[in-house]
Amino acid sequence: VSQSRYLPIKAKLAVETKLAPRLLANELQGTVHKKRHKVGEMIDYYLNYCQKTKSPRTYRQDKLFITKKFREYFKPDRDIATITKAEIKTYLLSMNLSPQSIFNHYSTVRAFFNFLKNDETLNIHSNPCEKLDKFLPKIGSEIVKYHEQEEIDQILELAKSIDFELYRIFLLMRYTGIRIEEARSLKPDNFDWQKKILRIKKRKDIGFNIKSHRERDIPFSSKLIALFTPTINPDHEFIFTRKDGKRWETDPTKNLKALS
């Protein structure tokens, strides 16, 4: 009697028709072993992705949380698939940090495992961080503070005296509410001056990815057109540039101390 007679139907079909790869036939016969994915290797894999798709600021934060804390706690040679929800919970609660900092760290670790789970080549089917946020310390509600118009005008004037590009970024943020990294990624084709629409979109050429992963349109007023358009240099590729015409790299948050 042929040995193939005793194989599961799918394996027999795969072997006899030669339509499926050898890996499938072997797996159905129980001869394939699941590959171990070490914590250290997966962290390097994830950070390489983050460096190409996230802002420098977010990348630095992810690298700090994942590399210096997570890797040290769970050890580089451990199989990442063996990490449990209970261990992640213990890990997070053992930190001597504020509730907000713990939640930020949790969000980074959760995004890390989601990335691994969504990568079909890794064969990782679960995220131990799922529904874990309910066990974390509660974040106290804070009253959002807004600047008065007079304060905003003072900030813009001070910014203008320090760095004109800093002033231009603050001016656009003032009238549109966009994020810093979004402002630095802007090119002329982001603006529709006739419809008064600013479109925030991904820029693969500079590795810029929208935080929400969704492109969006932001309406702006005629006042912004009057204040902002005279400052745009049509010969430059980006809206905000250095003196040599290249993309403006300075992080405006580093200049905030000078405005206090």
Exercise for review: Please lay out, stage by stage, how Asp217 and Asp192 fare under the test side chain to side chain contact (heavy atoms under 4.5 Å, CB included).
Suggested key: CA-CA 10 Å; Asp217 290 342; Asp192 187 328; over 6 Å; no
Check your understanding: Below 4.5 Å, heavy atoms only, C-beta onward: do Lys196 and Ser222 meet side chain to side chain?
Key -> yes
Practice item. Report the C-alpha separation of Glu165 and Thr241 in whole Å, then their side-chain angles, then the decisive distance to 0.1 Å, and conclude whether the side chain to side chain contact (heavy atoms under 4.5 Å, CB included) test is met. Key: CA-CA 7 Å; Glu165 289 299 270; Thr241 62; 4.2 Å; yes
Exercise for review: Report yes if the side chains of Phe191 and Thr229 come closer than 4.5 Å at any heavy-atom pair, otherwise no.
Suggested key: no
Practice item. Identify, with sequence neighbours excluded, every residue that meets side-chain hydrogen bond (donor to acceptor under 3.5 Å, both in side chains) alongside Asp133. Key: none
Review point. To the nearest 0.5 Å, how far apart are CG in Asn104 and CG in Asp62?
Key: 10.5 Å
Check your understanding: Do the side chains of Arg184 and Ile180 get nearer than 4.5 Å, heavy atoms only?
Key -> yes
Review point. Considering all heavy atoms of both residues, which atom of Ile239 and which atom of Pro188 are nearest to each other, and what is their separation?
Key: CD1-N, 3.8 Å
**Study point:** Lys201 atom NZ, over 12 foreign heavy atoms within 6.0 Å
**Key:** yes
**Study point:** Stepwise ring-ring contact (aromatic ring centres under 6.0 Å, His included) check, Tyr46 with Phe112
**Key:** CA-CA 7 Å; Tyr46 176 64; Phe112 169 54; 5.2 Å; yes
Check your understanding: If you look at every heavy atom in Met95 and His105, which pair is closest and at what distance?
Key -> CE-NE2, 3.3 Å
Practice item. Treat each ILVMFWY residue as a node, draw an edge where side-chain heavy atoms are under 4.5 Å apart, and state whether Leu64 and Tyr106 are in one component. Key: no
Check your understanding: Which value, rounded to the nearest 0.5 Å, describes the distance between His37 atom NE2 and Asp119 atom CG?
Key -> 8.5 Å
Review point. Is Phe74 close to Ile80 at the side-chain level, that is, under 4.5 Å between some pair of heavy atoms?
Key: no
Review point. Taking atom types as modelled and ignoring hydrogens, do the side chains of Ser185 and Arg203 form a donor-acceptor contact shorter than 3.5 angstrom?
Key: no
Review point. Any sub-3.5 Å donor-acceptor pair from Lys89's side-chain atoms to Leu132's backbone N or O?
Key: no
Review point. Are the side chains of Phe70 and Thr108 in touch, meaning some heavy atoms are under 4.5 Å apart?
Key: no
Point to revise | Closest non-hydrogen atom pair between Asn114 and Asn127, with its separation | key: OD1-ND2, 2.9 Å
Practice item. Kindly compute the distance separating CG (Asn190) from CD (Glu215), expressed to the nearest 0.5 Å. Key: 9.0 Å
**Study point:** CD1 on Ile83 to NZ on Lys75, rounded to 0.5 Å
**Key:** 12.0 Å
Review point. Would a 4.5 Å heavy-atom cut-off, applied to side chains only, mark Pro219 and Ile197 as touching?
Key: yes
Practice item. Apply side chain to side chain contact (heavy atoms under 4.5 Å, CB included) to the pair Ile210 and Arg216, showing each step before the final yes or no. Key: CA-CA 10 Å; Ile210 304 172; Arg216 66 188 192 280; 4.1 Å; yes
Check your understanding: Would you say Glu151 has more than 12 foreign heavy atoms packed within less than 6.0 Å of its CD?
Key -> yes
Exercise for review: Determine the minimum heavy-atom distance between Phe220 and Leu224, stating which atoms define it.
Suggested key: CB-CD2, 3.6 Å
Review point. Roughly how far, to the nearest 0.5 Å, is the CG atom of Leu92 from the CD atom of Glu87?
Key: 12.0 Å
Point to revise | Within-4.5 Å side-chain heavy-atom neighbours: Arg168 and Ile232 | key: yes
Practice item. Mind telling me whether Tyr91 and Tyr73 have parallel, tilted or perpendicular rings, with 30° and 60° as the class edges? Key: tilted
Check your understanding: Heavy atoms, side chains only, cut-off 4.5 Å: are Leu227 and Leu171 in contact?
Key -> yes
Point to revise | More than 12 heavy atoms of other groups within 6.0 Å of Asn96 CG | key: no
Study note, to complete from the structure: By ring pair (Phe, Tyr, Trp, His ring centres under 6.0 Å), Tyr167 pairs with (sequence neighbours left out) Phe164
Check your understanding: Closest approach of Phe208 and Glu181, non-hydrogen atoms and distance?
Key -> CE1-O, 3.7 Å
**Study point:** Cluster link Phe65 to Leu93, ILVMFWY, side chain under 4.5 Å
**Key:** no
Point to revise | Path from Phe115 to Leu47 over hydrophobic side-chain contacts below 4.5 Å | key: yes
Exercise for review: May I have all residue pairs that pass salt bridge (Lys or Arg N to Asp or Glu O under 4.0 Å) and include part of residues 224-241, sequence neighbours excluded?
Suggested key: Lys187-Glu237
Exercise for review: Would you please test Thr67 and Asp44 for side chain to side chain contact (heavy atoms under 4.5 Å, CB included) and show each step?
Suggested key: CA-CA 9 Å; Thr67 304; Asp44 292 340; over 6 Å; no
Review point. Roughly how far apart are Ser55 OG and Arg60 CZ, rounded to 0.5 Å?
Key: 8.0 Å
Exercise for review: Return yes when atom CD of Glu150 has more than 12 non-hydrogen atoms of other residues, nucleotides or ligands closer than 6.0 Å, and no otherwise.
Suggested key: no
Point to revise | Contact summary for Met42 and Leu116, nearest pair of heavy atoms | key: SD-CD2, 3.9 Å
Exercise for review: For the residue pair Trp193 and Phe228, categorise the inter-ring angle as parallel (less than 30°), tilted (30 to 60°) or perpendicular (more than 60°).
Suggested key: tilted
